[in-house]
Amino acid sequence: MLGKRPALSLVALGSLALGIGAVTAIFSVVDGVLISPYPYAHPDRIWAPQVQDAQNPNRVLPACPYADLRLIAQLPGVSMAMATDPLMALLTGGRPPENFRAIAVTANAFQFLGVPTVIGRPILPTDIRPGGEAEPVIVLSFRAWQHLFNASPEALGQTVVLDDVPRTVIGVMPPRFGWWTNDGGWVPLATSLRADATVFPILRLRPGVSRQAAEEQYRALENQLARQFPARFPKNGFRASLINYMDITVASGEMRSSLQLLFGAVAFLLLIACANVANLQMTGATARAREIALRMAVGAGRPRVLAQLLTENIVLSLTGGILGVLLALGITRGVVYLMPEFYVPNEARISVNGPVLLFSLAVSILTGILFGLAPALQCARLDLVEALKDSARGSNSSAAGSRTRNLLVVAAVALSVILLAGASLTIRGFENLQHVDPGFQ
C-alpha cells in the first residue's frame, strides 16, 4: 500500500528520518554523559565526603588527611571506603622521557569500583607489605597498554620505570575504565604515608543506611576533628556533607543544562515531523476513502480497518527509524567531535549502543501511533453510502478532516516558531559570549 504512493511515502520517510535521527543522536549523548557515564558498579551509590566553607560555599575541601580515611571507614553507616592520590611521574627506562599519570589508590580500590581487568589482576591488599610500604607494581590503562606495549598480552610481567622506580605490570583495565586518568596507570597507595598527607576519599553505605543518617555520622566526626585540629578547618565555620558521585561529574553542571535544552529542541523537531506526516497521511486517507469504504462494505469492521491503517503507519515509522539510526551515527560522531573534553567524564563513551537502539525503536513505534492515529480514525468513521458514491468520492472525507488538518498545520507552525526563536536566542547568546572582554590580551 505504501508503494502505491511513492512520493508521499518518500516525503514522510525523510521527515521521520530527520526527526528520529536527531532525537536518537542526542539521546546517545545523554545516555553516555548523564545516564551511564561510568562503568563502575552502582556509581549512584558512591558518596564523596566533603567540607564546605560556611561563609564561602564555593570553597569546598574534597580532600582529607590520610589519617581521617580510617576514621571515615569506621563510621557505623559506611560499608567500604577508598582513597585516591593523583600523582604525576616521569616515565623513563630505555624510552624518551614523558609525563605519566600514576594514580595511587588504596588496596581495596578495584574491589570498591567493581570493574575487572582485561588481562592480569588488579591491585590487591597483598600488594601492601607488612610495614605499610607498597609493592612496586602497576595496573595500566587500556590506552597506556596500547601506547607502551602495542596491546600485547606479553606486557604482563614487563617493567615500567616511573621516577627511577621499576614497576612490574600486573594488569590492564578495559577501555572505559578511567579513574582519574585515561592514559596512565594505577599504583598501590602505601599505608605508611604521613598522617597529614591528603587523599581524596569516597565511600559506600551499608544496606538500609540512608544518606541523612550517614551524613549525621560524618558531620559528628568532622566536628570532633575540628575541635582537635582547628587549623585544618575554615575559621568561619563549615558544613560537612556527602555528595553523590553522579552529582560531582563534570557533566552535572553546564553540560547537563545544555543537553537538556538540546534534547528539548530535537523533541520539538520530532513533533513537527509527526504533525507534517500526519497531515500527509490525512491527505492520502482522503484519496483512499472509496477503498476503505469497500473494505468495510465487504465485512471489515472498524477495529480491523483501524488496525490495518495503524500497521501501515507503524511500518512507515519503523522504516523511518532505521534511516534515522543511520543518520544518527553520523550526527553522533559530529557531536562527539565538537564537545569539549573537559565537559565529559573520562569514562564516558558516546555511541549508538543497545539502550540507544531500544530507545529509537520505542520512539519509532510511538511516532507511528502518534501521527497515524488521526488519519486512521478519520478513515474508520467514513459514511459508507456517501464514500461509495462516485460523485462524492473523497469529498466527504476531505470535509470531515479539514479541521484536523488545519489544526496540524497550526501546531507545526507554532512549534517551528518556538524552535526558531529558541535557536535564535541561543545563537545570539553565543555571539555575545564571543565578544566579552576578558580584561586581558
Side-chain angles (χ1 to χ4, degrees), residues 2 5-30 256-287 310 312-314 316-332 334-335 338-339 356 359-360 362-378 398 400-434:
L2 296 174
R5 300 168 294 159
L8 188 148
S9 297
L10 288 175
V11 172
L13 283 175
S15 298
L16 292 172
L18 180 61
I20 296 174
V23 169
T24 301
I26 301 305
F27 180 78
S28 68
V29 180
V30 171
R256 179 183 295 272
S257 302
S258 299
L259 287 178
Q260 289 172 345
L261 176 65
L262 199 55
F263 192 78
V266 294
F268 269 37
L269 185 65
L270 180 59
L271 288 176
I272 293 169
C274 287
N276 289 334
V277 175
N279 222 332
L280 288 172
Q281 293 295 89
M282 291 192 73
T283 302
T286 300
L310 281 178
E312 293 179 16
N313 290 324
I314 290 176
L316 180 67
S317 182
L318 288 174
T319 306
I322 294 172
L323 296 176
V325 168
L326 297 177
L327 181 63
L329 292 172
I331 298 176
T332 302
V335 172
L338 292 172
M339 288 173 65
V356 174
F359 172 82
S360 180
V363 167
S364 299
I365 294 174
L366 290 175
T367 298
I369 295 173
L370 182 63
F371 75 72
L373 197 56
L377 289 174
Q378 174 189 333
S398 177
S402 61
R403 179 177 299 178
T404 303
R405 291 198 297 271
N406 290 338
L407 288 175
L408 288 172
V409 171
V410 170
V413 172
L415 290 172
S416 299
V417 170
I418 295 172
L419 190 59
L420 287 172
S424 300
L425 289 172
T426 304
I427 293 171
R428 176 66 63 85
F430 177 76
E431 182 69 19
N432 291 340
L433 286 174
Q434 299 305 301

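Under the 4.5 Å side-chain criterion, counting only non-hydrogen atoms from C-beta, Thr367 is in contact with Leu270. Side-chain atoms of Gln281 and Leu8, non-hydrogen and from C-beta on, do get closer than 4.5 Å to each other. Two residues are said to be in side-chain contact when any heavy atoms from C-beta on lie closer than 4.5 Å; Leu316 and Glu312 fail this criterion.
The line from CZ of Phe371 to CG of Leu310 is 9.5 Å long, rounded to the nearest 0.5 Å. Distance CD1/Ile314 to CD1/Ile365: 6.5 Å, rounded to 0.5 Å. Rounding to the nearest 0.5 angstrom, the gap separating the CG atom in Leu261 from the CZ atom in Arg256 is 14.5 Å. For the atom pair CE of Met339 and OG of Ser258, the computed distance is 9.0 Å after rounding to the nearest 0.5 Å.
With Ser364 contributing its side chain and Leu318 its backbone, the two residues share no donor-acceptor pair below 3.5 Å.
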Residues Leu408, Asn276; criterion side-chain contact (heavy atoms from CB on, under 4.5 Å); working and verdict: CA-CA 7 Å; Leu408 288 172; Asn276 289 334; over 6 Å; no
Test side-chain contact (heavy atoms from CB on, under 4.5 Å) applied to Val410 and Asn406, step by step: CA-CA 6 Å; Val410 170; Asn406 290 338; 5.5 Å; no
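When all heavy atoms are compared, the tightest approach of Leu419 to Ala265 is CD1-O, 3.5 Å. Taking all atoms of both residues into account, the shortest heavy-atom contact from Asn313 to Gly368 is CB-O, 3.7 Å.
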With a cut-off of 3.5 Å and sequence neighbours excluded, list every side-chain donor-acceptor pair involving residues 10-29.
unit_1	atom_1	unit_2	atom_2	d
Ser15	OG	Val11	O	3.2
Thr24	OG1	Ile20	O	2.7
Thr24	OG1	Ser360	OG	3.4
Ser28	OG	Ala25	O	2.4
Ser28	OG	Thr332	OG1	3.3

List the atom pairs, with distances to 0.1 Å, where a side-chain N or O of residues 422-429 and a protein N or O form a donor-acceptor pair under 3.5 Å, not counting sequence neighbours.
unit_1	atom_1	unit_2	atom_2	d
Ser424	OG	Leu420	O	2.8
Thr426	OG1	Gly422	O	2.8

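In this structure, the side-chain contact (heavy atoms from CB on, under 4.5 Å) partners of Val409, at least two apart in sequence or on a different chain, are Asn279, Val413.
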